[in-house]
Amino acid sequence: MSSIIPAPSDLNLTKAEEAAYEIMATKLPKGGRTSEQKERSDHKKQLSEDLREKGGDLNNLLQEKQSGRISQDEYDNIRKNYKLTGI
């Protein structure tokens, strides 16, 4: 049994698609996300863990929101989801 393997995608790109791909590749951070995004994600994760450990005490989370370190949406999401456990 034999199968046909399609040509690599870069052989099928138009010049415009190649140019667009190159432009996007230079704008994207290496590794998928910036160190700032990682730190922000780690901070939100820590806030969620702290909230679980303190049995739902919202004081620290509220302080983070009031200081501007997390947004209203982030506050709402952490507060809403703190009881959910990771699988």
Lys38: salt bridge (Lys or Arg N to Asp or Glu O under 4.0 Å) partners, not counting sequence neighbours: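 Per chain and number, Lys38 pairs via salt bridge (Lys or Arg N to Asp or Glu O under 4.0 Å) with Asp42.
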Set of salt bridge (Lys or Arg N to Asp or Glu O under 4.0 Å) partners for Glu74, sequence neighbours left out: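 So Glu74 forms a salt bridge (Lys or Arg N to Asp or Glu O under 4.0 Å) with Arg40, Lys44.
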The criterion is side chain to side chain contact (heavy atoms under 4.5 Å, CB included); which residues satisfy it with [X], sequence neighbours excluded?
X	result
Gln72	Lys65, Tyr75, Asp76
Glu49	Lys45, Gln46, Arg52
Thr26	none

Side chain Glu22, main chain Ala19, donor-acceptor under 3.5 Å: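 Absent.
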Under the side chain to side chain donor-acceptor pair (under 3.5 Å) test, residues paired with Ser67 that sit two or more places apart: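 With sequence neighbours excluded, Ser67 shows a side chain to side chain donor-acceptor pair (under 3.5 Å) to Arg69, given in chain and number order.
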Non-neighbouring partners of Asp57 that pass side chain to side chain donor-acceptor pair (under 3.5 Å), sequence neighbours left out: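 With neighbours one apart ignored, the set is Asn59.
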side-chain contact (heavy atoms from CB on, under 4.5 Å) between Glu17 and Asn12, intermediate numbers included: CA-CA 9 Å; Glu17 289 172 326; Asn12 297 325; over 6 Å; no
Approximate separation, where rounding is to 0.5 Å, of [X] [atom1] and [Y] [atom2]:
X	Y	atom1	atom2	result
Ser48	Asn77	OG	CG	9.5 Å
Leu61	Leu47	CG	CG	6.0 Å
Glu64	Ile78	CD	CD1	8.5 Å
Leu51	Leu58	CG	CG	5.5 Å

